[in-house]
Amino acid sequence: MASITLKNVIKRYGAGKTAVQVLHGVNADISDGEFIVIVGPSGCGKSTLLRMVAGLEEISEGDISIGGKVVNDLEPAKRDIAMVFQNYALYPHMSVFDNMAYGLKIAKVPVTEIKSRVDKAAKILELGHLLDRKPRALSGGQRQRVAMGRAIVRQPQVFLFDEPLSNLDAKLRVQTRLEIQKLHRELGITSLFVTHDQVEAMTLAQRMMVMNGGHMEQFGTPEEVYNRPATTFVASFMGSPPMNLLKHGPNADFGGKPGAIMGIRPEHLLVGDSGWAVQVETIEMLGAERLVYCRMGEESLIVRTDESLSSAPAIGATLYVTPRTDRLHWFDADSGKRL
Ligand SMILES: Nc1ncnc2c1ncn2[C@@H]1O[C@H](COP(=O)(O)OP(=O)(O)OP(=O)(O)O)[C@@H](O)[C@H]1O
Ligand SMILES: [Mg+2]
């Protein structure tokens, strides 16, 4: 197991005038045994960062250390890491056992040791009864677990995951997520997990790096990121539905300064007999709760209400809502940074 340090990590593709910079100086101190999620929209640089830790991409500037040792010039095979990708190709002609054992055979690990490691991984992943099967006779989730087994048997210092669950259906994704959590509890191996799914990030992360356009906008626990988003981007990316961000609303009434954006989460708008008069535009019934999409002048606003709220508001009706003043967020309108 090992700590990981990213020090002003910059990535440029190409050279000279045609060079494009895709990572703009990422800093992070990751402790031994931590489970870190790298989350952000498509193209923000998540895979690039992960591949740089793996040694599959050159580092343009800055340093990456694993276990206190700078690995910038260390080839991938010497970094003691194992990676699980979205497109984990299993060998179709090999059994589950052989798929998991293959890397160890190549590394000339003794046969008894291979058997013991594969059996242990199979037990953790509940693949014990499937060791003789070929991949084509497995479900998607089982194949995914074999791919993880292949990484586990190597007993690496660091696990790197790049959207390993995105090929699975919703139910299987939740199930595999729980398995990954269990795996981490049992093995305690430092892990970097890339996803663009904010729910996956919130549920898996001990800490998460929220990326946007090659910048790390926040690095914190799920609670910190949700309760104290560092920027308007983080506020609207983490949380579903996103935080309401009001530019022209009655901000001054709540102590807002000129040029400040008021943020309020949909669950912190209380429906009552007085307050802001808003027009109901659309309603989404989600079972236990209801999302009411409203308009207030130039602003659109989402209100999350309890399904038990006696009567559902009608489209076109006026609702009166009041923000919880202890749950307001303020951001600078120019920089988007939390004030
Ligand atoms: N070989 C390359 N040459 C030039 N630009 C590249 C190259 N590889 C990636 N990029 C660019 O770098 C940026 C980051 O790409 P990256 O694959 O890291 O994004 P990502 O966050 O993993 O996105 P996704 O969620 O879609 O997988 C993108 O804008 C991409 O177009
Ligand atoms: Mg990617």
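Note that these values count all heavy atoms, side chains included, but never hydrogens, waters or copies made by symmetry. We count ligands from 1, going down the list as the structure has it; atoms in each ligand are counted the same way. Position 1 is the first residue of the sequence, and the numbers go up from there.
Atom 30 (C) of ligand 1 is not flagged as protein-proximal [any protein heavy atom, distance under 4.0 Å].
Put simply, the side chain of Thr195 never gets that close to the backbone of Ala201: no donor and acceptor are under 3.5 Å apart. Although no hydrogens or angles enter the test, the distance criterion places no donor-acceptor pair under 3.5 Å between the side chain of Arg290 and the main chain of Thr305. The closest donor-acceptor contact from the side chain of Gln218 to the backbone of Ala230 lies under 3.5 Å.
Nearest to atom 22 (O) of ligand 1 among the protein's heavy atoms is Ser47 OG, 2.8 Å. Protein heavy atom at the shortest distance from atom 3 (N) of ligand 1 is Tyr13 CG, 3.4 Å.
Ring pair Phe233/Phe237 is parallel by interplanar angle, where below 30° counts as parallel and above 60° as perpendicular.
For ligand 1, the polar-atom distance check against Gly45 finds a nitrogen or oxygen pair separated by under 3.5 Å. No N or O atom of Val20 sits closer than 3.5 Å to an N or O atom of ligand 1.
Distances from atom 25 (O) of ligand 1 to the heavy atoms of His196, Lys46, Met211 put Lys46 nearest. Among Gly43, Gly14, Ser42, the residue whose heavy atom sits closest to atom 14 (C) of ligand 1 is Gly43.
Within a 6.0 Å sphere centred on NZ of Lys105, other residues, nucleotides and ligands contribute more than 12 heavy atoms.
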Show your reasoning for whether salt bridge (Lys or Arg N to Asp or Glu O under 4.0 Å) applies to Asp162 and Arg51. CA-CA 9 Å; Asp162 195 351; Arg51 291 170 57 80; over 6 Å; no
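Among the backbone and side-chain atoms of Ser47, an N, O or S atom lies under 2.8 Å from the Mg ion (ligand 2).
Interface atoms of ligand 1 facing Val22, defined by a heavy-atom separation under 4.0 Å, are 11 (C), 12 (O), 13 (C). Numbered from 1 in the order shown, with element, the atoms of ligand 1 that lie under 4.0 Å from a heavy atom of Glu163 read 25 (O). Residue Thr48 approaches ligand 1 through these ligand atoms, each under 4.0 Å from one of its heavy atoms: 14 (C), 15 (O), 16 (P), 18 (O).
Met208 contributes atom CE, which lies 11.5 Å from atom CD of Glu200 (distance to the nearest 0.5 angstrom).
Remark: Arg177 is not positioned above the aromatic ring of Phe193, lacking an NZ or CZ atom under 6.0 angstrom from the ring centre and at most 45 degrees off the axis.
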